[in-house]
Amino acid sequence: MTYANETRRRRTFAIISHPDAGKTTLTEKLLLFSGAIQIAGSVKARKASRHATSDWMEIEKQRGISVASSVMQMLYRDHVINLLDTPGHKDFSEDTYRVLTAVDSALMVIDAANGVEAQTRRLIEVCRQRDTPIITFVNKMDREVRDPLDILDEVERELGMPCVPMTWPVGQGKSFGGIINLRTKAMTVFDSGSERLPQDFETISLNEQAQLAERFGAEWQTAMDSMELATGASPAFDEEAFLAGKQTPVFFGSGVNNFGVMEVLDALVDLAPAPRPRTSNLLVNKQPVIKEIQPEDSAFSGVVFKVQANMDANHRDRIAFVRMASGKYTPGMKLKVQRTAKELRPTSVVTFLSQRREAVDEAFAGDIIGFTTHGGVQLGDTITDGANLQFTGLPFFAPELFMTVILKNPLRTKQLQTGLDQLGEEGAIQVFKPEIGGPMLLGAVGQLQFEVVQHRLKSEYDCDVRLEGCQYTGARWITADTPAELREFTNAYPQRMSLDAAGTLAYLCTSPYDVRLAQERFPKIHFHPLREHAGLALGSAG
């Protein structure tokens with residue numbers, strides 16, 4: 001039994017960008033044009049009752065930023081498109097990193113005035129490590145922006161790969177006339193206004209050179225000259241190079257005006273890859289055997305890349321987001337969590353349109369499905385319909401910021417424990433429990449994570465907490481070759497030992513020298529700056 005026909009129809013991608021580059025707006029427009037939603041919500045107008053479909057957490061509505069990653073599914077041109085909107089804020093890079101392990105390609109949004117910004121750089125590094133194909137959208141061309149050649153040059157430098165223009169702007173800001181589509185050899189004329197649909201824009205064939213030159217004057221000539229320079233300096237589009245993450249097709253437009261977005265949606269169908277094989281460790285006689293799992297294989301397998309508690313405030317539910325790697329899901333299937341070998345009996349399985357959920361009749365490799373669970377599922381868990389295999393590559397980074405949790409009302413201890421357990425399993429924050437007792441510690445990559453967790457503990461678990469600074473500045477997960485060596489080490493540093501949400505032993509440090517000194521004293525202990533889920537540590541020592 002093969003599901004090749006279904007998997008070939010799937011496109012699973014993430015939208016990545018620096019905050020304020022227009023990512024959430026673009027997400028809305030893609031949903032709008034595919035017919036998935038009827039009306040796009042402005043992200044800026046926070047006082048309005050209509051918020052962006054992809055921003056659902058209370059704190060996101062207040063601040064106008066995307067904090068959690070949202071998953072949305074839409075149908076377009078007989079293709080099933082799974083879109084993952086990532087948080088742009090740097091404090092949530094861990095959540096974004098994990099989302100990028102669940103997609104086959106990425107759509108990078110760049111603000112045409114600011115070019116490639118800091119957070120985009122970080123995300124590019126992640127894509128490069130995984131050779132993820134990247135489609136680039138240069139947004140906000142209706143504003144006063146930088147020269148398109150200058151932007152291309154910067155993207156090439158930052159990405160370390162050539163750009164291949166697919167559309168080219170005529171003018172910018174007040175004199176923005178539209179875009180030339182190099183694939184269809186026609187110019188689409190710009191008209192501002194967010195109510196316009198793509199089919200309403202006027203299109204003129206490039207054969208009408210005289211008409212275009214007369215209508216757009218100097219802007220037309222400048223665009224033709226710069227386009228010639230750009231295409232002359234760029235390689236032709238090469239599908240293999242793009243799929244290997246070695247070149248990026250570039251599109252220009254204005255998301256807020258619905259302009260140039262349809263070309264991106266078409267490119268996702270025409271150029272972006274269908275689901276790809278994934279590497280797993282198959283356990284044979286307790287020995288790991290590397291095996292490639294093909295998306296069209298008949299056996300169901302998938303990996304949990306995100307766990308979200310309390311998406312529905314009325315039901316206190318927890319949803320495990322699973323990226324399907326192979327097979328077909330049908331309701332009522334018997335599934336198994338590989339880490340614990342326990343049967344998974346989800347009460348409801350859904351696909352998403354952000355907060356709107358729909359029950360799943362069937363799903364295939366590439367799709368993202370949500371299992372409602374009541375614990376027992378962690379980030380990085382492999383779920384199958386029986387086969388023993390383990391997908392790898394979902395990392396946790398050692399936090400750089402720490403706070404101590406002080407509960408204002410001691411009678412809420414049980415609620416605090418539940419809240420921290422669930423938020424820790426979800427990956428919203430890293431929770432460390434000191435071995436010698438005392439208050440719990442929270443570890444984060446960025447300051448905003450603490451604010452979000454404090455807000456969520458109060459609103460979702462009715463726990464008012466105070467967060468206080470502590471002496472720790474880092475953590476390293478530790479492993480040893482023998483239990484005796486590990487015991488000797490933990491006895492030497494009892495006050496530094498803690499367990500994280502997955503029960504993995506970590507060494508807390510107050511300065512970078514701590515690790516070096518401990519390493520010199522105990523050369524047989526391994527210190528890991530990141531770990532894979534389920535206690536499988538990786539990374540170099542120190």
Side-chain angles (χ1 to χ4, degrees), residues 94 98 304 307 309 318 337-340 342 373 375-381 394-407 413-445 449-450 453 457 461 463 465 467-510 514-515 518-519 522 524-539 541-542:
E94 269 203 273
R98 290 192 279 262
V304 177
V307 177
R318 302 178 69 220
V337 179
Q338 288 296 314
R339 177 177 50 87
T340 57
K342 285 190 175 153
T373 74
V377 177
Q378 289 180 4
L379 281 169
D381 275 348
L394 199 77
F396 290 77
F397 299 87
E400 292 151 24
L401 303 170
F402 286 85
M403 296 285 239
T404 305
V405 184
I406 309 294
L407 187 57
T413 304
K414 195 176 168 195
Q415 287 84 345
L416 175 67
Q417 191 59 55
T418 304
L420 289 180
D421 283 352
Q422 295 193 353
L423 294 173
E425 275 186 18
E426 187 185 307
I429 197 121
Q430 294 194 41
V431 181
F432 293 90
K433 185 180 182 184
E435 288 266 70
I436 54 166
M440 302 284 266
L441 297 169
L442 299 183
V445 175
Q449 281 179 278
F450 292 125
V453 163
L457 281 171
Y461 300 93
C463 267
V465 299
L467 298 181
E468 293 184 354
C470 64
Q471 77 266 39
Y472 299 116
T473 57
R476 290 292 181 265
W477 287 281
I478 55 171
T479 54
D481 298 336
T482 68
E485 286 163 1
L486 191 61
R487 211 165 29 249
E488 191 189 345
F489 179 76
T490 55
N491 288 342
Y493 295 103
Q495 75 288 2
R496 296 289 179 95
M497 292 298 121
S498 64
L499 292 172
D500 71 4
T504 312
L505 197 59
Y507 168 81
L508 301 171
C509 34
T510 53
D514 287 359
V515 177
Q519 181 91 73
F522 293 91
K524 290 185 176 171
I525 296 291
H526 310 290
F527 296 82
H528 305 277
L530 63 143
R531 72 165 176 88
E532 284 197 5
H533 105 291
L536 299 170
L538 63 130

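Because the structure is a prediction, the values reported are computed rather than measured.
Atom CE of Met497 and atom CG of Leu508 lie 7.5 Å apart (nearest 0.5 Å). Between the CD atom in Glu435 and the CG atom in Leu505 there is a gap of 6.0 Å [rounded to 0.5 Å]. Here the CE atom belonging to Met403 is positioned 8.5 Å from the CG atom belonging to Leu442, to the nearest 0.5 angstrom. A distance of 12.0 Å separates CD1 of Ile478 from CZ of Arg496, quoted to the nearest 0.5 Å. Rounded to the nearest 0.5 Å, atoms OG1 (Thr418) and NZ (Lys414) are 6.5 Å apart. To the nearest 0.5 angstrom, Thr504 atom OG1 is 10.0 Å from Gln430 atom CD.
Taking a cutoff of 4.0 Å between a charged side-chain nitrogen and a carboxylate oxygen, Asp481 and Lys524 do not qualify as a salt bridge.
Looking at Glu488 and Phe522, their side chains come closer than 4.5 Å, going by heavy atoms from C-beta outward. For the pair Leu423 and Leu457, the minimum side-chain heavy-atom distance is below 4.5 Å. Leu441 places a side-chain heavy atom less than 4.5 Å from the side chain of Cys470. A heavy-atom distance below 4.5 Å is found between the side chains of Ile429 and Phe450. Using a 4.5 Å heavy-atom cutoff, the side chains of Ile525 and Gln519 are not in contact.
Listed here is the closest heavy atom pair of Met440 and Pro434: CA-CD, 4.3 Å. Contact record, Leu420 with Val431: O-CG2, 3.6 Å, taken as the closest heavy-atom pair. Closest heavy-atom contact between Thr413 and Leu407: N-CD2, 3.5 Å. Between Trp477 and Ala398, the shortest heavy-atom contact is CZ3-N, 3.5 Å. Taking each heavy atom of Ala475 and Cys509 in turn, the nearest pair found is N-SG, 3.9 Å. The nearest pair of heavy atoms linking Ala444 to Gln449 is CB-OE1, 3.4 Å.
Thr473 contributes a side-chain N or O that, together with a main-chain N or O of Thr510, makes up a donor-acceptor pair within less than 3.5 Å. With hydrogens and angles disregarded, a donor-acceptor distance shorter than 3.5 Å links the side chain of Thr490 to the backbone of Leu486.
Partners of Phe432 under the ring-ring contact (aromatic ring centres under 6.0 Å, His included) rule, at least two apart in sequence or in another chain, are Phe402.
Between Phe527 and Phe489, the gap from one ring centroid to the other is short of 6.0 Å.
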